[in-house]
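All values below were derived from every heavy atom in this structure, side-chain atoms included, with hydrogens, water molecules and symmetry-related copies excluded.
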Amino acid sequence: MPLALLALAVGAFGIGTTEFVMMGLLPDVADDLHVSLPTAGHLVSAYALGVVIGAPLLAAVTARMSRRTVLIGLMALFVVGNALSALAPGHESLLAARFLSGLPHGAFFGVGAVVATTMAAPERRARSVSLMFLGLTVANVAGVPAATLAGQHFGWRATFLGVSVIGFAAIASLALLIPHDHTHGPATGLRGELAALRSVPVWLALGTTVAGFGALFAAYSYVTPMLTDAAGFAESGVTLLLALFGVGATVGNLLGGRLADHAMRGTLFGGLTSLALVLALFPVLMRAEWSAALAVTLLGTAAFVTGSPLQLMVMEKAASAPSLASSANQAAFNLANAGGAWIGGLALATGFGVTSPAVAGAALAVLGLGVAAVAYAVDRRGGLPAARQRLVVAHVPEQQEAVRS
């Protein structure tokens with residue numbers, strides 16, 4: 001694997017840290033800015049909205065630029081957004097800064113996934129994507145807890161300044177390690193890029209992402225009350241258990257990348273099936289502390305096994321515009337975050353018990369399996385090998401250019 005993947009992982013680490021650290025800092029931010037906790041919660045939504053809007057938009061308008069330049073520019077925007085967050089004088093300005101911070105998120109992962117696949121051998125494409133996403137999963141293990149702890153001791157503004165420093169490190173890594181290529185996206189123009197998203201297979205792939213990761217967030221959004229009210233953990237122990245989720249996600253991400261290089265579709269079906277089973281067993285596993293810890297770890301593993309195959313599948317279905325499609329998949333991840341949390345909340349509001357969001361998540365995972373099955377049937381009818389051939393051919397000039405650089 002090329003060392004340049006490390007630069008992508010550093011950027012992913014910074015992005016993952018700033019995305020999730022706000023959850024732990026909400027009480028501090030609310031107290032400092034004199035707003036209610038629900039009002040402060042809009043800061044999480046503002047970031048997610050920035051991701052959903054920025055992912056396809058920035059990928060489309062930068063389609064003809066060098067992808068190395070695009071990645072550095074996106075990380076520079078990330079630094080600006082986090083620096084403005086640290087300096088925000090009030091809630092409204094912080095809301096705008098969080099939206100700005102979210103804009104480059106999806107495009108960075110989308111363009112980064114394309115760059116990762118072009119730098120790796122064809123039989124290691126999924127593993128190259130998983131190594132980039134490794135920065136995101138490690139952020140949940142180390143970056144978010146450390147940043148939260150720093151914010152609680154030195155103030156929440158110090159956290160965002162620290163994340164800005166990580167962004168500068170990512171820019172330096174990208175400049176040093178990503179080859180000086182002249183690879184541009186397909187010269188089809190913005191209209192041609194958007195046309196690639198009109199196909200049914202692309203939307204089926206995006207739908208699988210929304211349903212599959214919606215299953216994760218339906219349960220994960222309410223995992224703290226499950227651990228405290230059902231399993232009997234003290235609130236002080238929840239942070240360690242969330243770190244176990246990050247460990248499981250890291251293992252699942254690496255495992256999914258390795259398996260997807262051998263059988264992408266089989267890995268996707270296996271991951272979604274495992275996710276449905278784990279979530280369905282949550283009401284039983286949450287009856288004891290040891291089994292609850294195991295459930296949280298398995299949840300991270302089963303969910304993130306599907307990350308790399310989902311990313312590659314979307315890119316495969318839009319071979320003429322892989323950067324745009326890959327970025328749109330990141331927007332789908334964030335829609336899954338919001339939609340899954342909403343569905344889990346509805347289940348909780350019905351009064352069926354604190355573990356009912358996990359059961360709702362299991363139903364979403366089964367829905368994801370159904371969408372994936374329909375996508376497979378469409379592929380069988382339309383000829384999947386030809387689509388794969390177009391994707392490989394599209395990447396060959398990029399690989400040759402990277403080697404020459």
Side-chain angles (χ1 to χ4, degrees), residues 1 5 8-9 11-13 15-16 19-20 51 55 105-117 120 124-141 143 205-220 245-276 278-279 297-317 322 325-337 340 361 364-365 368-369 371-372 375:
M1 286 293 177
L5 292 176
L8 297 173
F13 178 81
I15 290 175
E19 178 182 18
F20 294 108
V51 178
H105 176 129
F108 181 88
F109 280 109
V111 176
V114 176
V115 171
T117 57
R124 291 176 175 263
R125 290 167 53 234
R127 268 174 281 186
S128 69
V129 173
S130 71
L131 287 177
M132 181 189 69
F133 283 132
L134 183 64
L136 181 63
T137 57
V138 170
N140 281 283
V141 179
L206 293 173
T208 305
T209 296
V210 172
F213 272 82
L216 165 64
F217 287 110
Y220 188 66
F245 171 83
V247 171
T250 301
V251 172
N253 174 56
L254 293 174
L255 181 63
R258 181 170 291 274
L259 292 176
D261 277 327
H262 298 284
M264 183 179 70
R265 189 76 62 172
T267 303
L268 178 59
F269 281 121
L272 288 172
T273 302
S274 300
L275 181 59
V278 169
L279 288 170
T297 307
L298 291 177
L299 177 63
T301 303
F304 279 85
V305 159
T306 64
S308 297
L310 281 171
Q311 193 73 31
L312 283 177
M313 187 168 68
V314 171
M315 292 164 58
E316 183 179 81
K317 303 313 170 193
S326 183
S327 299
N329 196 47
Q330 294 302 312
F333 277 121
N334 278 267
L335 288 175
N337 189 337
L364 283 174
L369 273 170
V371 177

key: Straight-line distance of Leu254 CG to Ser308 OG, nearest 0.5 Å   = 8.5 Å
note = Minimal heavy-atom distance between Gly110 and Gln330, with the atoms involved, is N-CG, 4.1 Å
request  = Enter the distance from Ser130:OG to Arg125:CZ here, rounded to the nearest 0.5 Å.
outcome  = 12.5 Å
Side-chain touch Phe13/Leu136, heavy atoms, less than 4.5 angstrom = no
ask   = With no hydrogens and no angle check, is any side-chain donor or acceptor of Thr301 less than 3.5 Å from a backbone partner on Gly252?
value = no
ask   = Nearest heavy-atom pair of Gly257 and Ala126: which atoms, and what distance?
value = O-CB, 3.3 Å
Side-chain heavy atoms of Val305 within contact of Leu275, under 4.5 Å = no
key: Side-chain donor or acceptor of Thr267 paired with backbone N/O of Leu259 under 3.5 Å   = yes
query = So, does Ser128 use its side chain to make a donor-acceptor pair with the main chain of Ala116 at under 3.5 Å?
reply = yes
task = Write out all pairs satisfying side-chain hydrogen bond (donor to acceptor under 3.5 Å, both in side chains) with one or both partners inside residues 245-260, taking only residues at least two apart or from two chains.
result = Thr137-Thr250
inquiry  = Would Leu5 and Val115 count as a side chain to side chain contact (heavy atoms under 4.5 Å, CB included) here? Give the steps.
reply    = CA-CA 9 Å; Leu5 292 176; Val115 171; over 6 Å; no
ask   = Minimum heavy-atom separation for Ala113 to Val129, with atom names?
value = O-CG2, 4.1 Å
ask   = Can you name the closest pair of heavy atoms from Arg124 and Asp261 and give their distance?
value = CA-OD2, 3.3 Å
query = Can you name the residues that form a side-chain contact (heavy atoms from CB on, under 4.5 Å) with Leu298, not counting sequence neighbours?
reply = Val278, Leu294
task = For Phe109, enumerate each residue passing the ring pair (Phe, Tyr, Trp, His ring centres under 6.0 Å) test, keeping only those at least two apart in sequence or located in another chain.
result = His105, Phe133
note = Smallest heavy-atom separation, Thr209 atom then Ala336 atom, equals O-CB, 4.1 Å
ask   = How about Phe333 and Gln311: do any of their side-chain heavy atoms sit closer than 4.5 Å?
value = yes
message = Can you tell me how far apart CG (Leu364) and CG (Leu369) are? Round to the nearest 0.5 Å.
response = 11.5 Å
message = Set out, in order, the CA-CA distance, both residues' side-chain angles and the distance that settles side chain to side chain contact (heavy atoms under 4.5 Å, CB included) for Phe245 and Leu299, then state yes or no.
response = CA-CA 7 Å; Phe245 171 83; Leu299 177 63; 4.1 Å; yes
Step-by-step side chain to side chain contact (heavy atoms under 4.5 Å, CB included) determination, Leu131 to Leu8 = CA-CA 8 Å; Leu131 287 177; Leu8 297 173; over 6 Å; no
inquiry  = Just so I know, are the side chains of Leu216 and Leu279 near enough to count as touching, which here means a heavy-atom distance under 4.5 Å?
reply    = no
key: Between OG1 on residue Thr306 and CE on residue Met313, distance to nearest 0.5 Å   = 9.5 Å
query = Which pair of heavy atoms, one from Arg265 and one from Ala372, lies closest together, and at what distance?
reply = NH1-O, 4.0 Å
key: Within the 6.0 Å centroid threshold, strictly below: Phe213 and Tyr220   = no
